[in-house]
Amino acid sequence: MPELQRLRADHAQAILAFELANRAYFATFISDRGDDYFDRFTDRHDALLTEQDAGAGAYYVLVAEDGEVLGRFNLIFTGNATAEVGYRVAQHVAGRGVATATVRELCRLAATRHGLRTLRAATAHRNVASQRVLTKAGFVPVGPADPDHLGGKPGSWYQRDLATDRAGTVTT
Ligand SMILES: CC(C)(COP(=O)(O)OP(=O)(O)OC[C@H]1O[C@@H](n2cnc3c(N)ncnc32)[C@H](O)[C@@H]1OP(=O)(O)O)[C@@H](O)C(=O)NCCC(=O)NCCS
């Protein structure tokens, strides 16, 4: 079973392989990261770990049993028990519910491990797959997103309010 793991230094090579293998695929949904990201990947990975250690966010990778990275799922803390969600999933496992199941798991972790009460995600109108993922994971559209947030494309903010019962189960 793939495992959702907190970002570590030793994930670097598998994440770079994932980003390279899926670069063209991701660019059909969202803005490309640009050559500089790949040229300076190690610096960027180190910076993410530093941000995570400083409490700016919680960054997760979905790792297969053989160590291959199948997806990335990030929480960027924005204050007031709220985080912005971001995610990407490998092309070769697309359409199997991997993103949906893992965003649901991320919602559970957000509430139980990180004490968050609200998750938000901005997605472009043309990114129908991402809208489906968010809707299936319990998010609802709450208003327009600034195109600057979406590589110049029009889109919407989606939001999910989190609540847990005493057993730590996310109930809404
Ligand atoms: C969006 C993304 C995470 C989806 O990952 P996934 O594991 O394939 O998603 P799931 O299988 O859980 O669900 C995908 C849903 O989108 C639908 N879908 C996929 N491609 C689609 C398309 N081009 N048009 C319409 N619907 C599409 C699927 O049918 C499915 O919906 P369904 O269950 O109602 O049939 C993946 O495509 C990705 O990484 N894209 C690039 C990064 C990105 O867009 N991130 C989100 C930024 S807001």
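Start at 1 and go down the list; that is how both ligands and their atoms are numbered. Predicted, not measured: the structure shown is a model, and the values here were computed from it.
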Between the candidates [options], which shows the shortest non-hydrogen contact distance to [atom]?
{"atom": "atom 24 (N) of ligand 1", "options": "V128, V103, L62", "answer": "V128"}
{"atom": "atom 11 (O) of ligand 1", "options": "S130, A145, A124, G97", "answer": "G97"}
{"atom": "atom 8 (O) of ligand 1", "options": "G86, A99, G95", "answer": "G95"}

Checklist line | Contact partition for V89 relative to ligand 1, non-hydrogen atoms under 4.0 Å | finding: both

Next item on the list: Select one of side chain, backbone, both or neither to describe which atoms of V133 lie under 4.0 Å from any atom of ligand 1, heavy atoms only.
Entry: side chain

Numbering as shown, the atoms of ligand 1 that approach [X] to under 4.0 Å (heavy-atom distance):
{"X": "T123", "answer": "48 (S)"}
{"X": "R88", "answer": "39 (O), 42 (C)"}
{"X": "R96", "answer": "11 (O)"}
{"X": "K136", "answer": "13 (O), 15 (C), 30 (C), 31 (O), 32 (P), 33 (O)"}
{"X": "A129", "answer": "16 (O), 18 (N), 19 (C), 20 (N), 21 (C), 27 (C)"}
{"X": "A94", "answer": "8 (O)"}
{"X": "Y25", "answer": "37 (O)"}
{"X": "T100", "answer": "10 (P), 12 (O), 13 (O)"}

Per-atom contact, [atom], protein heavy atoms, under 4.0 angstrom:
{"atom": "atom 35 (O) of ligand 1", "answer": "no"}
{"atom": "atom 22 (C) of ligand 1", "answer": "no"}
{"atom": "atom 28 (C) of ligand 1", "answer": "no"}

Next item on the list: Count the heavy atoms of every other residue, nucleotide or ligand shown that sit under 6.0 Å from CD of Q5, and state whether that count exceeds 12.
Entry: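 Yes.
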
Next item on the list: Can you establish whether the number of heavy atoms outside R33 located under 6.0 Å from its atom CZ is more than 12?
Entry: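 Check passes, neighbour count above 12.
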
How far is [atom] from its nearest protein heavy atom, and which residue and atom name does that atom have?
{"atom": "atom 44 (O) of ligand 1", "result": "N127 ND2, 2.7 Å"}
{"atom": "atom 3 (C) of ligand 1", "result": "Y87 CD1, 3.6 Å"}
{"atom": "atom 15 (C) of ligand 1", "result": "R132 CB, 3.7 Å"}

Margin query: Please determine whether any non-hydrogen atom of A122 lies less than 4.0 Å from an atom of ligand 1.
Written below: yes

Notebook entry, point to check: With a 4.0 Å cut-off on heavy atoms, does A121 reach ligand 1?
Noted result: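 Not so, A121 does not reach ligand 1.
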
Next item on the list: Please work out whether the ring planes of F41 and H45 are parallel, tilted or perpendicular, with thresholds of 30° and 60°.
Entry: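 Plane angle under 30°, so parallel.
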
Next item on the list: Look at R44 together with E19 and state whether they make a salt bridge at an N to O cut-off of under 4.0 Å.
Entry: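 Answer for the salt bridge query: no.
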
Cluster question for you: counting only ILVMFWY and a side-chain heavy-atom cut-off of under 4.5 Å, with indirect links fine, are [X] and [Y] together?
{"X": "L4", "Y": "I15", "result": "no"}
{"X": "F73", "Y": "L119", "result": "yes"}
{"X": "L70", "Y": "V89", "result": "yes"}
{"X": "V133", "Y": "V142", "result": "no"}

Ignoring hydrogens and geometry beyond distance, is a side-chain donor-acceptor pair present between [X] and [Y] at under 3.5 Å?
{"X": "Y60", "Y": "E105", "result": "no"}
{"X": "S130", "Y": "Y87", "result": "yes"}
{"X": "E84", "Y": "H149", "result": "yes"}

Notebook entry, point to check: If you round to the nearest 0.5 Å, how far is CZ of F139 from OG1 of T123?
Noted result: 11.0 Å

Check: Just checking, R120 and Y158: is the charged tip under 6.0 Å from the six-membered ring centre and within 45° of the axis?
Finding: no

